[in-house]
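Below is one structure, written out as structure tokens, with a few remarks after it.
Only heavy atoms go into these numbers, but all of them, side chains included; no hydrogens, no water, no symmetry mates. Just so you know, these numbers come straight off a predicted model, no measurement behind them.
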Amino acid sequence: NAQSVMNKRDELMATIESNHPDIIGITETWTHDEITDAEITLNGYKIFREDRKDTNKGRGGGVVMYIKNNIDSVAVNVSDHNYTNSVWAEVIGKHRKIIIGLVYRSPNATEENNEELYRIMEEMCNKNKNIVIMGDMNYPGIDWDSLTADKEGAKFLQTTLDCFLIQHMDMPTRGENILDLILSGEEGMVTEVKKIGRLGSSDHDMFSYNINLSANVKVSKELIPDFKRADFFGLREWLRQIDWQTMDNLGTNESWDFFKSTIQEGMNEFVPMKERRPPSNKPMWMSRNLLRKIRKKQKLWSAYTKTKDYQKYLVYKKAEKKTKKAT
């Protein structure tokens, strides 16, 4: 839960640089139709996005999910609905397909809105039992150990049970409440859930976890010239042997084709090729010092949440201010 992704992009990219996730889910993006995909895109990731439509400039909602380009994935459409805070994608694995859903439910959601969410969850679970649903559901009154709920959360809890979903989040995600959930269709599908700090000044924790799926990973074989290992001396000598006066008897297009093909032949001979590196989300200006500050801040938050020691909280807040100033 970012509580606005636009003003936290720098720290988001630093967090990605530190953790290298395959899939990223962000709720409360506060994006709207005046913000283009290009403004929130991440290098090397596909974007699946839906903005909240019923508030001023998307405030208090919106979701965006990123999946690495080299993972085979497609968007999954939901039948006619009025719920505008969820996105769904299908990841194609080597032996099975899995649906990944990202949901935000406002704490002020109407009963009609809630019913739409329950229907979408049921529809997706009927499409594929291999499913993972993550997001900020805002149901503090559900006890996931005893599987009991207050009046507000009872229908949502029953929907998860009817869909045979298992809830994996076993620690508070905001204050003392479990508001952000990870649901799956199988017991062992989700493992190693852990806190990794907070994004900017958001009051929700970030989490990482593993999805047990052997995905179809597309290995990039794009080759580009490796000029660092080029034999420029050999190339110059080779170019000196070319009879460039040949172009005197050629037209404009023929001269250009001769020049281009000659240079290409020389590059093929004297410039080796290398595989293109995958793009990085690390900005050019991001220093190691800033990355250290962000990692330190995340570790301090993790230390505080384990002990609830007020002095550790103060140390964390000090580190948070330094990080915000640095970004």
Side-chain angles (χ1 to χ4, degrees), residues 2 5 12 16 19-27 29 31-33 35-53 58 61-105 116-137 163-166 168 181-186 188-191 207-222 276 278-281:
V5 73
L12 172 62
I16 293 168
N19 294 278
H20 307 290
D22 293 318
I23 300 173
I24 304 164
I26 304 173
T27 60
T29 57
T31 50
H32 48 84
D33 56 9
I35 297 174
T36 65
D37 283 354
E39 292 178 80
I40 58 172
T41 193
L42 296 174
N43 287 331
Y45 289 86
K46 296 178 187 176
I47 183 171
F48 302 84
R49 165 189 174 184
E50 189 159 7
D51 302 335
R52 185 171 180 176
K53 306 291 195 303
V63 292
V64 62
M65 179 161 58
Y66 300 94
I67 300 179
K68 276 189 174 179
N69 284 335
N70 64 354
I71 294 177
D72 200 355
S73 62
V74 294
V76 177
N77 296 321
V78 184
S79 58
D80 292 341
H81 69 97
N82 297 316
Y83 196 85
T84 60
N85 278 287
S86 72
V87 289
W88 305 84
E90 184 176 67
V91 174
I92 295 106
K94 292 180 180 178
H95 306 294
R96 61 176 177 174
K97 299 176 181 178
I98 183 172
I99 288 179
I100 309 289
L102 174 64
V103 175
Y104 173 72
R105 174 192 167 272
E116 282 287 288
L117 173 59
Y118 308 150
R119 186 187 66 77
I120 290 171
M121 289 174 61
E122 290 170 352
E123 178 182 334
M124 289 299 165
C125 289
N126 287 332
K127 280 181 183 286
N128 191 344
K129 299 300 181 184
N130 298 314
I131 189 168
V132 172
I133 305 173
M134 57 181 166
D136 182 3
M137 309 300 184
C163 293
F164 302 100
L165 294 172
I166 297 159
H168 299 271
L181 307 179
I182 305 168
L183 302 160
S184 77
E186 292 180 8
M189 188 176 290
V190 171
T191 59
F207 291 85
S208 68
Y209 58 94
N210 293 336
I211 297 175
N212 292 322
L213 176 73
S214 181
N216 278 332
V217 177
K218 305 169 188 174
V219 180
S220 174
K221 294 294 184 181
E222 183 181 2
R276 182 189 292 276
S280 171
N281 282 290

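Judged as a side-chain contact (heavy atoms from CB on, under 4.5 Å), and not counting sequence neighbours, the contacts of Asn212 are Thr191. Shown here are the side chain to side chain donor-acceptor pair (under 3.5 Å) partners of Asn85, two or more places apart in sequence or in another chain: there are none. Among residues two or more places apart in sequence or in another chain, the salt bridge (Lys or Arg N to Asp or Glu O under 4.0 Å) test is passed with Glu50 by none. Under the side-chain contact (heavy atoms from CB on, under 4.5 Å) criterion, Asp33 pairs with no residue at all, not counting sequence neighbours. Not counting sequence neighbours, the partners of Tyr118 by the side chain to side chain donor-acceptor pair (under 3.5 Å) test are Tyr139. Checked against side chain to side chain donor-acceptor pair (under 3.5 Å), Thr27 has no partners two or more places apart in sequence or in another chain. Residues meeting the salt bridge (Lys or Arg N to Asp or Glu O under 4.0 Å) test with Arg49, sequence neighbours left out: Asp37, Asp51. Taking Glu123 as the reference, Arg119 meet the salt bridge (Lys or Arg N to Asp or Glu O under 4.0 Å) condition, with sequence neighbours excluded. Listed by chain and number, the residues in a side-chain contact (heavy atoms from CB on, under 4.5 Å) with Cys125 are Ile131, Cys163, Leu165 (sequence neighbours excluded). Contacts of Lys97 classified as salt bridge (Lys or Arg N to Asp or Glu O under 4.0 Å), with partners at least two apart in sequence or in another chain: none. The side chain to side chain donor-acceptor pair (under 3.5 Å) test applied to Asn210 returns Glu192, not counting sequence neighbours. Residues forming a side-chain contact (heavy atoms from CB on, under 4.5 Å) with Glu186 (at least two apart in sequence, or on another chain): Arg96, Asn130, Met189.
Taken to the nearest 0.5 Å, the CG atom of Asp22 stands 9.5 Å off from the CD1 atom of Ile67. Once rounded to the nearest 0.5 Å, the distance linking CD1 of Ile99 with NZ of Lys129 reads 10.5 Å. Taken to the nearest 0.5 Å, the CG atom of Leu102 stands 11.5 Å off from the CZ atom of Phe48. Here OH of Tyr45 is found 13.0 Å from CE of Met65. Values are rounded to the nearest 0.5 Å. Note that OH of Tyr104 and OG1 of Thr29 are 10.5 Å apart. Values are rounded to the nearest 0.5 Å. Interatomic distance, Arg105 CZ to Ser86 OG, rounded to the nearest 0.5 Å: 14.0 Å.
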Derivation of the side chain to side chain contact (heavy atoms under 4.5 Å, CB included) call for Ile47 and Ile40: CA-CA 9 Å; Ile47 183 171; Ile40 58 172; 3.7 Å; yes
Audit row: Tyr209, Val132, side chain to side chain contact (heavy atoms under 4.5 Å, CB included) steps and yes/no: CA-CA 11 Å; Tyr209 58 94; Val132 172; 3.9 Å; yes
Determine, step by step, whether Ile166 and Leu183 satisfy the side chain to side chain contact (heavy atoms under 4.5 Å, CB included) criterion, reporting the C-alpha distance in whole Å, the side-chain angles of both residues, the deciding distance to 0.1 Å, and the verdict. CA-CA 5 Å; Ile166 297 159; Leu183 302 160; over 6 Å; no
I would like to know whether Met124 and Ile133 meet side chain to side chain contact (heavy atoms under 4.5 Å, CB included); could you show each step before the answer? CA-CA 10 Å; Met124 289 299 165; Ile133 305 173; 5.7 Å; no
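Each of Ile23, Ile16, Ile24 was evaluated against Tyr66; a single residue qualifies, Ile24, per the side-chain contact (heavy atoms from CB on, under 4.5 Å) test. Remark: of the listed residues Asn69, Val74, Thr41, Asn69 is the sole one forming a side-chain contact (heavy atoms from CB on, under 4.5 Å) with Lys46.
Between Val76 and Ala89, the shortest heavy-atom contact is CG2-C, 3.7 Å. Across Trp88 and Ile120, no two heavy atoms sit closer than the pair CZ2-CG2, 3.6 Å.
Distance alone, capped at 3.5 Å, places no donor-acceptor pair between the Arg52 side chain and the Gly62 backbone. Side chain of Lys68 to main chain of Gly44: no donor-acceptor pair is present (N/O by atom type, distance under 3.5 Å, no hydrogens or angles).
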